Amino acid sequence: MAGRVPSLLVLLVFPSSCLAFRSPLSVFKRFKETTRPFSNECLGTTRPVVPIDSSDFALDIRMPGVTPKQSDTYFCMSMRIPVDEEAFVIDFKPRASMDTVHHMLLFGCNMPSSTGSYWFCDEGTCTDKANILYAWARNAPPTRLPKGVGFRVGGETGSKYFVLQVHYGDISAFRDNNKDCSGVSLHLTRLPQPLIAGMYLMMSVDTVIPAGEKVVNSDISCHYKNYPMHVFAYRVHTHHLGKVVSGYRVRNGQWTLIGRQSPQLPQAFYPVEHPVDVSFGDLLAARCVFTGEGRTEATHIGGTSSDEMCNLYIMYYMEAKHAVSFMTCTQNVAPDMFRTIPPEANIPIPVKSDMVMMHEHHKETEYKDKIPLLQQPKREEEVLDQGDFYSLLSKLLGEREDVVHVHKYNPTEKAESESDLVAEIANVVQKKDLGRSDAREGAEHERGNAILVRDRIHKFHRLVSTLRPPESRVFSLQQPPPGEGTWEPEHTGDFHMEEALDWPGVYLLPGQVSGVALDPKNNLVIFHRGDHVWDGNSFDSKFVYQQIGLGPIEEDTILVIDPNNAAVLQSSGKNLFYLPHGLSIDKDGNYWVTDVALHQVFKLDPNNKEGPVLILGRSMQPGSDQNHFCQPTDVAVDPGTGAIYVSDGYCNSRIVQFSPSGKFITQWGEESSGSSPLPGQFTVPHSLALVPPLGQLCVADRENGQIQCFKTDTKEFVREIKHSSFGRNVFAISYIPGLLFAVNGKPHFGDQEPVQGFVMNFSNGEIIDIFKPVRKHFDMPHDIVASEDGTVYIGDAHTNTVWKFTLTEKLEHRSVKKAGIEVQEIKGKGSGGLNLGNFFASRKGYSRKGFDRLSTEGSDQEKEDDGSESEEEYSAPLPALAPSSS
């Protein structure tokens, strides 16, 4: 076969730290029993187990000198994992040549189908469940996993055997009875990995394809009811009748592509184009598109060549503590949902005959004009520029130059026509014969062009979809009186916030992140809850904390993080707090924090280990007078006067001012009386931001979904900032000269506004940018802080994550070129992780209790999983009489 046959090499980046473990030399004695002699032609395979260091070893899994006698032979061989204890595969290296091997698969299982040195795979792979660990085929780029990811094997729960399956497509290399020792080398470690890889199989079991039917859709969907998984690769599988398989995550009605591929291409694992996370309450959906043309009777799901299959394999990783190695979905729990599936899922990906893979279930298929493997002509797609693509797209749509022109030169109008365009393409494809063998020769050229265009439509669709026209704003703003604040810098939005993908601080924070701030050295400071959680049992009806018996959090709750490499520079706050909430840092570097369980505000000197410098409020005593707080949320300290402002809070709706020494000065604010709060009325004043040049204090009025600003001297209301895109919540705000940053909350049930970050021109309150992370996703972004250079950090209380965002040139300024639309793709993926779990594991008294629990939405309370099947319970907060806590 000619053409490029993609492959996948899964490379796992592993931590370099070493602990004292038993030397892998001890595995040799046991492994000697299963070591097989290799052919003299197979070099480098005489030592299947090779020690690397005190904790790591390499395992060489090779075919024992085989000679396939006919094309499309599948050979299998097994190797027992040479350790009894748990180990982790952290790197794969193929030992094969495309000249001899079509593709390889590596499985993990407890018992192989044969005990021979090798066998025909027709006899089976494993007698029990087989988990696919690795796939390799010709010319696919390698895929790297984030640091700290591994496939768990051995021990009580991991696989006991590796089984290697090798497919020999063309056997011309074996005409002289040469022997083959292709295989894969594994790097294993005994060091526990914080993230464990696994497989989620979506499979149809009841699809029927009527004979002669042109288009048949097979749909699969399941509610995801587990801890978060992060998808990094996918694999599709059908037999001859499959045209395209597409997989999606569906969240709040929004479809996010996991992967889309032709099952007639090599069935390796393909890397996802963008990381996709799947959380409790999401829906996973897949569609296989078949044709029944050419069949004289109905086709059912089955394992023979005359049957069909509809499979989507999703490769993911999870936190080790919650990892599940294999999950399945064989139902369609939401059939009506597929009415809104993206049109791209209905567009087949045609492939040329020289690219078709001969699957293991239908090896009897013969291709009379098979092209030698070594012939690799350059594909048309690789030499076409975007101008050619738009020209061909125009031909496909019947010279619809007006539609093409919109996409090509006017990206701000593109969004309005994009859905119609893709729908029209889907409609054309569903009605057009893609590859009849008896087609007229004169139509070959035109059909080739159409095939090329259709093969690229889904890529084009995803690329241009990143451009969006400016949102229609609903803006309510009272401007300052004339003459006040006129010098405030104007920002027109000539930039865009993007996640810093090379910043490794995203993964594995130990507890709910409630506060983030920057110290005078511009280091990031994080305030988190360790192993404590805020759940329905934390407080009684009078807001008195009910879990005092747990004691204070035993690990350090305040972490100083290097803004460049995310290293932990300093930590403090051990045995002081019960439920941390707000964090701010004054100009002298003092930490100001709130604890909603203690109902107190603390001033801490990071260089003073003797305890708080100042405490406001009474411990464990909620109240509303001058000496008490009730679940205070945030603190702001005026850099000029030293005045202390406290937002108080969940059960009081007020702002309280104190002198620098902690003496009560004044308070203002009251609880909102209805759906249209008056100035100075709050429902959970949740975050504060001082604007020193203008003498203003702005308040994130969380449950009213707005920002209110006041004069710090007179407490006079200045203005309100409110946008429809905020939704019903504004969780946190941060100010730098000229700009105001904010994050909103998860949409309420039935609402559409997504959770995201905002950049506003402070002078007029207009939104000039909206941003989201690429790695993971916002669940409850609880606090935000911005530095004057435009770097932004956001802490999430549900995902226990902190993201870093940086300013870049605005996307629209580089999006249009003469050949069409150029959309800047994000290059690379997060390859590192801040493993604070390991950091705290070395600390005395460290515990992860409570971290096992599933979070509820709309608050950063957590509760035990009650087994409810209600997707709405988790995916979006239901309207409540009282504001949800955080």
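Values reported hereafter were calculated over all heavy atoms of this structure, with side chains retained and with hydrogens, waters and symmetry mates removed. Since the model is a prediction, treat every value here as computed from it, not as a measurement. Positions are given from 1, in the same order as the sequence printed here.
- How far CG of L518 is from OH of Y793: 6.5 Å, rounded to the nearest 0.5 Å.
- The cationic atom of K603 (NZ for Lys, CZ for Arg) does not lie both less than 6.0 Å from the six-membered ring centre of Y591 and within 45° of the ring axis.
- P693 has its side chain within reach of Y735: a pair of non-hydrogen atoms, C-beta onward, lies under 4.5 Å apart.
- Minimum interatomic distance between N744 and Q756 (heavy atoms only, all atoms of both residues): OD1-N, 2.7 Å.
- A donor-acceptor contact shorter than 3.5 Å links the side chain of D783 to the backbone of V516.
- For F543 and Y650, the gap between ring centers reaches or exceeds 6.0 Å.
- Closest non-hydrogen pair, A323 versus I196, comes out as CB-CB, 3.4 Å.
- Heavy-atom neighbours of K542 NZ from other residues, nucleotides or ligands within 6.0 Å: at or below the threshold of 12.
- A distance-only check finds no donor-acceptor pair linking the side chain of D796 to the backbone of V513 [under 3.5 Å].
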Could you please spell out the steps behind the side-chain contact (heavy atoms from CB on, under 4.5 Å) verdict for V755 and D779? CA-CA 7 Å; V755 56; D779 200 328; over 6 Å; no
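- A donor-acceptor contact shorter than 3.5 Å links the side chain of D595 to the backbone of L579.
- Looking only at side-chain heavy atoms (C-beta outward), Y545 and S538 come within less than 4.5 Å of each other.
- Not counting sequence neighbours, the partners of D277 by the salt bridge (Lys or Arg N to Asp or Glu O under 4.0 Å) test are R249, R251.
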Using side-chain contact (heavy atoms from CB on, under 4.5 Å), reason through T712 and L690 one step at a time and then give a plain yes or no. CA-CA 9 Å; T712 53; L690 277 162; 4.0 Å; yes
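- Remark: S572 OG to L604 CG distance equals 7.0 Å, nearest 0.5 Å.
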Q512 and N800: side chain to side chain donor-acceptor pair (under 3.5 Å), yes or no, with the steps? CA-CA 5 Å; Q512 296 180 329; N800 304 344; 5.6 Å; no
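- Here the closest heavy-atom approach between residue G582 and residue T594 is recorded as N-OG1, 2.9 Å.
- Residue Q546 qualifies as enclosed at atom CD: its count of foreign heavy atoms under 6.0 Å is above 12.
- Within the 3.5 Å criterion, the main-chain N or O of M620 finds no donor-acceptor partner in the side chain of H599.
- Contact detail for F602 and P612: the closest heavy-atom pair is CD2-CG, 3.8 Å.
- Nearest heavy atoms, P660 versus T641: CG-O, 3.5 Å.
- Residue T683 holds its OG1 atom at 4.0 Å from CG of N704, rounded to the nearest 0.5 Å.
- One N or O on the side chain of Q193 and one on the backbone of L191 form a donor-acceptor pair closer than 3.5 Å.
- Checked by atom type and distance alone, the side chain of T666 never pairs as donor or acceptor with a backbone atom of Q657 at under 3.5 Å.
- Rounding to the nearest 0.5 Å gives a distance of 15.0 Å between CE of M229 and NE2 of H322.
- Taking both residues in full, the closest heavy atoms of S734 and A786 are given as OG-N, 3.1 Å, listed atom of the first, atom of the second, then distance.
- Distance alone, capped at 3.5 Å, places no donor-acceptor pair between the D556 side chain and the I558 backbone.
- Annotation: side chain of P563 is in contact with side chain of N523 (closest heavy-atom distance under 4.5 Å).
- No donor-acceptor pair closer than 3.5 Å links the side chain of S647 to the backbone N or O of L688.
- Using modelled atom types, one finds no donor on one side chain facing an acceptor on the other under 3.5 Å when comparing E554 with N575.
- Under the 4.5 Å side-chain criterion, counting only non-hydrogen atoms from C-beta, F710 is not in contact with I655.
- Side-chain contact check for T801 and K776: at least one donor-acceptor pair (N or O, by modelled atom type) lies under 3.5 Å.
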Is there a side-chain contact (heavy atoms from CB on, under 4.5 Å) between C698 and I733? Walk through the geometry before answering. CA-CA 8 Å; C698 294; I733 54 178; 3.9 Å; yes
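- Remark: H628 NE2 to Q600 CD distance equals 9.5 Å, nearest 0.5 Å.
- Side-chain N or O atoms of H532 include one that pairs as donor or acceptor with a backbone N or O of Y578 at under 3.5 Å.
- Between H798 and K746, every side-chain heavy-atom pair lies at or beyond the 4.5 Å cut-off.
- Using bins of under 30°, 30° to 60° and over 60° for the plane-to-plane angle, the ring pair F778/F771 lands in the perpendicular bin.
- The only option from H686, Q708, K722 that meets the side-chain hydrogen bond (donor to acceptor under 3.5 Å, both in side chains) definition with D701 turns out to be Q708.
- Aromatic pair H782/H581: centroids less than 6.0 angstrom apart.
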Checking V568 against I561 for the side-chain contact (heavy atoms from CB on, under 4.5 Å) test, could you report, in this order, the C-alpha distance in whole Å, the side-chain angles of both residues, the deciding distance, and whether it holds? CA-CA 5 Å; V568 180; I561 305 296; 3.9 Å; yes
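- Side-chain atoms of D535 come within 3.5 Å of backbone atoms of N537 as a donor-acceptor pair (strictly under, hydrogens ignored).
- One finds the CZ atom of F682 at 8.5 Å from the CD atom of Q706 (value rounded to the nearest 0.5 Å).
- Side-chain contact between R529 and S514 is present, with at least one heavy-atom pair separated by less than 4.5 Å.
- Looking at heavy atoms from C-beta onward, I736 lies in side-chain contact with F741 at the 4.5 angstrom threshold.
- Checking Q681 against E670 by side-chain atom types alone, a donor-acceptor pair falls below 3.5 Å.
- Side chains of F762 and L694 form a contact here, defined as non-hydrogen atoms less than 4.5 Å apart.
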